[in-house]
Amino acid sequence: MDSIKVVGGSALNGVIPISGAKNAALPLMIASLLTDETLTLSNVPRLRDVALLTQILQNHGVDYSVNGKRNGQDDLEGQTLHLTAREIVDTTAPYELVSKMRASFWVVGPLLARMREARVSLPGGCAIGTRPVDFFIDGLKALGADIEIEAGYVVVKAPKGLIGNRVVFPKVSVGATHTIMMAATLAEGETEIVNAACEPEVVDLANCLKAMGAQIEGAGTPTIRIQGVKRLHGAHHAVVADRIETGTYAMAVAMTGGDVLLQGARADLLESAIEILRQTGADITETPEGLRVYRNGNGIQPVDITTAPFPGFPTDLQAQFMALMTRAGGRSCITETIFENRFMHVQELARLGAQIHIDGRTAIVDGVNTLRGAPVMATDLRASVSLVIAGLAAEGETHVSRVYHLDRGFERLEDKLTRCGAQIERISG
Ligand SMILES: CC(=O)N[C@H]1[C@@H](OP(=O)(O)OP(=O)(O)OC[C@H]2O[C@@H](n3ccc(=O)[nH]c3=O)[C@H](O)[C@@H]2O)O[C@H](CO)[C@@H](O)[C@@H]1O
Ligand SMILES: C=C(OP(=O)(O)O)C(=O)O
């Protein structure tokens, strides 16, 4: 298992290219199941989750090719995938594959809509909470599907096809919104999704589906209306910039000090986190090339945050923000409202000398002057990068083990940070 060694103390200066968003690329790839024509996706990040989803799609019969790297192309430029589901050869998504990545469960929507049946294993993914799938089941039932749970599989059938309906989610769910929106594109009549997720990745998926011939209104608002069509066709779509990667590097600069251009980053996808970072003392400006993040010798101000669905502060940046607050000049309170078990980084940050205690859904962080390097273990995707951020500001060496979590969602993290002066290296083994 690979680990990452970080020697703290260097400020970050330079340019970091921002990749396409993992959380947009995954549902976009799944959308290829909705048509027998080719869906071409550019700006796709090279990540373990993308590779795994490719395997899952191939198992359903999706032909897949990827454009090679061209002369003069930067190693960090995204790849272009061509996905063609001319014929769906298997409507089962097996446990061995789906258990490794939660988003792969979302194939249930397109498979059901196109093939009128699917058998999909209950999902896995980051162990950050119980993560049930009741909203998916109730939503697909509302569209007329029969659903049974058999031996760990969700078995869905709609022999006469799906029929549009009103789907009201009790709570905002990104994955359930993606899934019902995809399923409804091929249903008969109109579907209205109420209390839909407004995340930029939902808007990106809707834009791609529209380019494929779907009729969708309201993506990015809590009410989405989809008028079903008989068939969808091929399209070309570029994956939106990764707002979580953007926020992560912005927090790294806020932590170490320095001056970095996050190339291709979009401020409009991340306003709440940018506002909070400014309150901590970081200087963030929009430029035509992306976002410039700057912090000189000023200290880090403590700021309280509460995670919330978009446009609130993203739960996927909570761990990274906590790392930043460990060095703040005072106390901050970090409240997690989306997932009940998303504080696993706390005990690892404590190994570096952080002072944090948990009170229910709130972590109370008392900033310290010095963090000291230590061996730490990555417990999930965003927790792992929070340890890297802390390591960048710690005295001495930090070894982060189990970085396979990190590889799920951060494209060439060591390269990007090394280019800006960080002392960080991957140790294979
Ligand atoms: C691949 C991807 O895009 N993952 C993101 C997606 O995950 P994901 O789509 O899995 O997260 P959801 O938005 O569905 O989860 C939000 C909340 O709803 C609950 N819930 C969800 C579905 C359901 O059927 N029943 C239920 O109770 C969840 O347990 C959680 O408490 O959105 C999360 C919230 O922004 C992010 O942290 C993840 O990075
Ligand atoms: C929690 C995440 O991913 P997943 O939903 O795939 O577990 C994430 O991207 O932070």
Side-chain angles (χ1 to χ4, degrees), residues 19-30 45 47-50 52-53 56 98-109 120 122-142 147 149 154 167-182 193 195-205 222 239-240 242-245 247-248 269-270 272-273 307-321 336-342 344-345 361 378-386 404-411:
S19 297
K22 163 182 92 78
N23 287 355
L26 300 178
L28 288 165
M29 291 170 69
I30 290 172
L47 296 172
R48 206 161 69 94
D49 273 10
V50 167
L52 184 63
L53 183 58
I56 292 170
V98 180
S99 58
K100 293 184 187 148
M101 182 180 60
R102 184 174 169 86
S104 53
F105 181 76
W106 305 344
V107 298
V108 69
V120 182
L122 287 163
C126 276
I128 51 182
T130 47
R131 308 186 81 177
V133 292
D134 49 333
F135 304 165
F136 297 74
I137 290 176
D138 293 346
L140 293 173
K141 274 189 185 160
I147 306 193
I149 310 287
V154 179
V167 175
V168 183
F169 290 131
K171 179 175 171 186
V172 170
S173 163
V174 174
T177 303
H178 284 319
T179 303
I180 300 301
M181 184 165 73
M182 286 193 275
I193 305 179
N195 201 21
C198 302
E199 268 65 5
E201 294 75 24
V202 170
V203 176
D204 206 37
L205 175 62
V239 179
V240 69
D242 195 322
R243 65 194 166 98
I244 303 303
E245 192 196 28
T248 300
L269 308 182
L270 197 67
S272 61
T307 63
F310 190 84
F313 190 96
T315 172
D316 290 353
L317 284 174
Q318 177 256 108
Q320 300 89 314
F321 188 72
E336 171 60 54
T337 69
I338 311 289
F339 294 109
E340 70 277 11
N341 190 26
R342 213 171 194 182
M344 285 180 296
H345 39 282
R361 297 187 312 174
T379 50
D380 63 71
L381 166 57
R382 310 301 174 185
S384 31
V385 84
S386 76
Y404 57 84
H405 288 293
L406 193 120
D407 296 336
R408 285 189 45 217
F410 287 94
E411 184 173 20

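What's counted below: heavy atoms across the whole structure, side chains too, no hydrogens, waters or symmetry copies. Counting starts at 1 for both ligands and their atoms, following the listed order.
Between Phe321 and Phe313, the angle of the ring planes goes over 60°, which puts this pair in the perpendicular group of the 30/60° scheme.
Counting heavy atoms from C-beta outward, Gln320 and Arg382 have side chains that approach closer than 4.5 Å. For the pair Lys22 and Arg408, the minimum side-chain heavy-atom distance is below 4.5 Å. The side-chain heavy atoms of Leu47 and Asp407, taken from C-beta on, include no pair separated by under 4.5 Å. Residues Thr379 and His405 fail the side-chain proximity criterion, which asks for heavy atoms closer than 4.5 Å. Between Thr177 and Phe135, the closest side-chain pair of non-hydrogen atoms is not below 4.5 Å.
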- side-chain hydrogen bond (donor to acceptor under 3.5 Å, both in side chains) between Glu201 and His178, intermediate numbers included: CA-CA 9 Å; Glu201 294 75 24; His178 284 319; over 6 Å; no
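Of the candidates Asp316, Asp380, Thr337, Arg342 forms a side chain to side chain donor-acceptor pair (under 3.5 Å) with just one, namely Asp316.
Of the heavy atoms in Asp380, none comes closer than 4.0 Å to ligand 2. With a 4.0 Å cut-off on non-hydrogen atoms, Met101 does not touch ligand 2 at all.
Nearest residue to atom 1 (C) of ligand 2 from Arg342, Lys100, Lys22 is Arg342 (criterion: closest heavy atom).
Remark: Ile244 CD1 to Leu317 CG distance equals 4.0 Å, nearest 0.5 Å.
Note on ligand 2: Arg382 sits in its first shell, one or more heavy atoms being nearer than 4.0 Å.
Contact residues for ligand 1 (protein heavy atom closer than 4.0 angstrom to any ligand atom): Lys22, Asn23, Arg102, Ala103, Trp106, Arg131, Pro132, Val133, Asp134, Phe135, Phe136, Lys171, Val172, Ser173, Val174, Gly175, Thr315, Asp316, Ile338, Phe339, Arg342.
Within the listing of ligand 2, atoms 8 (C), 9 (O), 10 (O) sit less than 4.0 angstrom from a heavy atom of Leu381. Less than 4.0 angstrom separates some heavy atom of Arg408 from each of these atoms of ligand 2: 3 (O), 4 (P), 6 (O), 7 (O).
Taking only nitrogen or oxygen atoms, main chain and side chain alike, Arg131 reaches within less than 3.5 Å of ligand 2.
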